[in-house]
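Below is one structure, written out as structure tokens; comments come after it.
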Amino acid sequence: MYRILEKKEIGMRHVRFKVHAPHVARKVQPGQFVIVRAFKNGERIPLTPVAWDREEGWITLTVFVRGKTTMRMATELKEGDEILNVAGPLGNPVEMKRFGRVLAIGAYAGIVEVYPIARAWQELGNDVTTLHATFEPMVVMKEEFERAVGRHILEPVPIDMNKSFPENMKDVTRKLTEKVRELLEKEHFDLVLMVGPAGDQKAVFEVVREFGIPMHVDLHPIMVDGTGMCGSCRVTVGGEVKFACIDGPGFDAYKVAWDELIARVGYYTDMERRAMEEYMKALQGGGE
Ligand SMILES: Cc1cc2nc3c(=O)[nH]c(=O)nc-3n(C[C@H](O)[C@H](O)[C@H](O)COP(=O)(O)OP(=O)(O)OC[C@H]3O[C@@H](n4cnc5c(N)ncnc54)[C@H](O)[C@@H]3O)c2cc1C
Ligand code: FES
């Protein structure tokens, strides 16, 4: 059992948990994740340790409220409660080396997963610029990024209540790709990293490819066991079938079969859209 030492809402639909998990805290490296089962009979979901203390034995996890399990975690779990299972660390750490000038991009909640990687790369002597594109109320971790990396750029997009949710999401994609193009035209970067919805990763990749810059992406296919036993996280990379939980989650963006990945996560994207639409209706109706 893994005790929740702290719980805090850090932005709209973003809840941070500080969890006592010494076996993960001792070994975890940037780029790795854990599989959490919070409730009896509940499902297992992949989450990313964002920060950790090896001696004190805790990790922090930030949950973006997306569907049933994340909603239950955000609403039912309290400080002092215990999480049933935290399995990990899982997946491969990112490469730790001096690349030079790095542009590390997070779309929506993807930025929380960028944090441990960007911070470690900066500490290693890279010059890291982070870029966060999201809806205005979902800006999170601004101060932490400003402390950890060379430069942190925000692209907050207002939610337009007169537009549908997919239209609002398109605004984020447009702003993000425009900003990436502007940065790449003006400055030299040796590497681009991106975490976010597969559609946005592909859109950014198409810009980056024009400049011929190497690009690393952390992929989020559906995961069940997280240990290579079920294949639900399979992705095609460089023409070969890979399991994101053991071969990834990080891959070379130039080798990913983007359209196949987007089709496979499409079911979940629709659910997310519906959940967001309901949330926006509640906001319009004068809710909090
Ligand atoms: C390596 C990795 C690291 C992740 N790190 C984080 C993180 O730090 N913070 C965070 O908020 N989210 C993270 N995610 C995404 C997170 O796992 C999903 O948001 C979550 O599983 C959604 O569960 P749900 O029941 O609330 O939503 P629903 O949409 O109802 O989920 C239904 C089912 O789909 C699966 N699922 C849905 N979306 C995803 C997804 N994007 N990735 C994998 N499985 C999914 C769930 O396991 C669940 O079984 C990560 C995903 C991966 C693959
Ligand atoms: S989640 Fe089952 S093989 Fe990766």
Side-chain angles (χ1 to χ4, degrees), residues 1-11 14-38 44-64 70 73-74 77-99 102 104 106 109-128 130 132 140-150 152 191 193 195 216 218-220 223 225-228 244-251:
M1 300 280 251
Y2 302 87
R3 188 170 297 280
I4 297 168
L5 306 171
E6 277 173 34
K7 176 188 176 188
K8 191 177 174 200
E9 194 170 339
I10 60 165
H14 289 67
V15 181
R16 175 185 289 167
F17 295 94
K18 182 173 169 185
V19 181
H20 185 245
H23 72 289
V24 180
R26 220 170 20 242
K27 291 200 227 138
V28 65
Q29 304 290 342
Q32 292 187 298
F33 64 98
V34 294
I35 295 263
V36 171
R37 189 168 67 98
R44 299 155 57 88
I45 64 162
L47 293 171
T48 306
V50 178
W52 50 83
D53 188 307
R54 300 204 193 283
E55 279 174 24
E56 293 179 13
W58 54 258
I59 58 172
T60 63
L61 301 170
T62 299
V63 171
F64 174 65
T70 49
M73 287 180 76
L77 293 176
K78 309 271 177 292
E79 264 175 34
D81 285 353
E82 288 186 332
I83 290 177
L84 290 179
N85 303 112
V86 180
L90 302 168
N92 291 312
V94 287
E95 203 178 351
M96 291 299 289
K97 73 172 205 194
R98 287 200 184 197
F99 301 99
V102 178
I111 198 69
V112 303
E113 294 167 61
V114 166
Y115 181 76
I117 301 173
R119 184 181 157 178
W121 280 351
Q122 179 79 32
E123 277 172 7
L124 207 67
N126 292 290
D127 179 10
V128 180
T130 44
H132 185 199
V140 292
M141 298 187 74
K142 178 176 174 287
E143 289 76 22
E144 281 113 316
F145 272 101
E146 284 170 353
R147 277 196 299 273
V149 299
H152 184 55
L191 178 72
L193 159 81
V195 187
H216 175 100
D218 269 2
L219 300 184
H220 280 190
M223 290 190 183
D225 60 295
T227 56
C245 69
I246 49 171
D247 301 314
F251 293 101

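Values reported hereafter were calculated over all heavy atoms of this structure, with side chains retained and with hydrogens, waters and symmetry mates removed. Predicted, not measured: the structure shown is a model, and the values here were computed from it.
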For the pair [X] (side chain) and [Y] (backbone), establish whether a donor and an acceptor sit closer than 3.5 Å, ignoring hydrogens and angles.
X	Y	answer
Lys7	Ala74	yes
Arg119	Val149	no
Asn126	Lys97	yes
Gln32	Gly91	yes
Gln122	Gly150	yes
Arg37	Leu84	no
Asn92	Ile246	yes
Asp81	Lys78	yes
Asn85	Ala87	no

Specify whether His216 and Trp121 have parallel, tilted or perpendicular ring planes, treating 30° as the upper limit for parallel and 60° as the lower limit for perpendicular. perpendicular
Only one of Val114, Val128, Thr130 passes side chain to side chain contact (heavy atoms under 4.5 Å, CB included) with Leu193; say which it is.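 Single pass found, and it is Val114.
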Residue pair [X] / [Y]: nearest heavy atoms and the distance that separates them:
X	Y	result
Leu61	Val34	CD2-CG2, 3.9 Å
Ala120	Met96	CB-CE, 3.4 Å
Arg3	Gly80	NH1-O, 2.5 Å
Val19	Tyr2	CG1-CB, 3.7 Å
Met223	Pro46	CB-CG, 3.9 Å
Pro49	Pro116	O-CG, 3.7 Å

Return the [atom1] to [atom2] distance between [X] and [Y], rounded to the nearest 0.5 Å.
X	Y	atom1	atom2	value
His152	Arg147	NE2	CZ	11.5 Å
Thr62	Ile111	OG1	CD1	11.5 Å
Trp58	Glu6	CH2	CD	8.0 Å
His20	Asp53	NE2	CG	10.0 Å

Less than 3.5 Å apart, any donor N or O on the side chain of His220 or Glu113 sitting next to an acceptor on the other? yes
Going by heavy atoms in the side chains, are [X] and [Y] under 4.5 Å from each other?
X	Y	answer
Met73	Val15	no
Ile35	Leu90	yes
Met141	Val50	yes
Lys27	His23	no
Ile83	Leu77	yes
Phe33	Pro249	yes
Trp52	Glu56	no
Tyr115	Glu144	yes

Arg54 CZ: over 12 foreign heavy atoms closer than 6.0 Å: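 Result for CZ/Arg54: enclosed.
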Worked verdict on Thr70 versus Ile45 for side-chain contact (heavy atoms from CB on, under 4.5 Å): CA-CA 9 Å; Thr70 49; Ile45 64 162; 3.8 Å; yes
Suppose we call two aromatic rings close when their centres sit under 6.0 Å apart. Are His14 and Phe64 close by that rule?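 So the answer is yes for these two rings.
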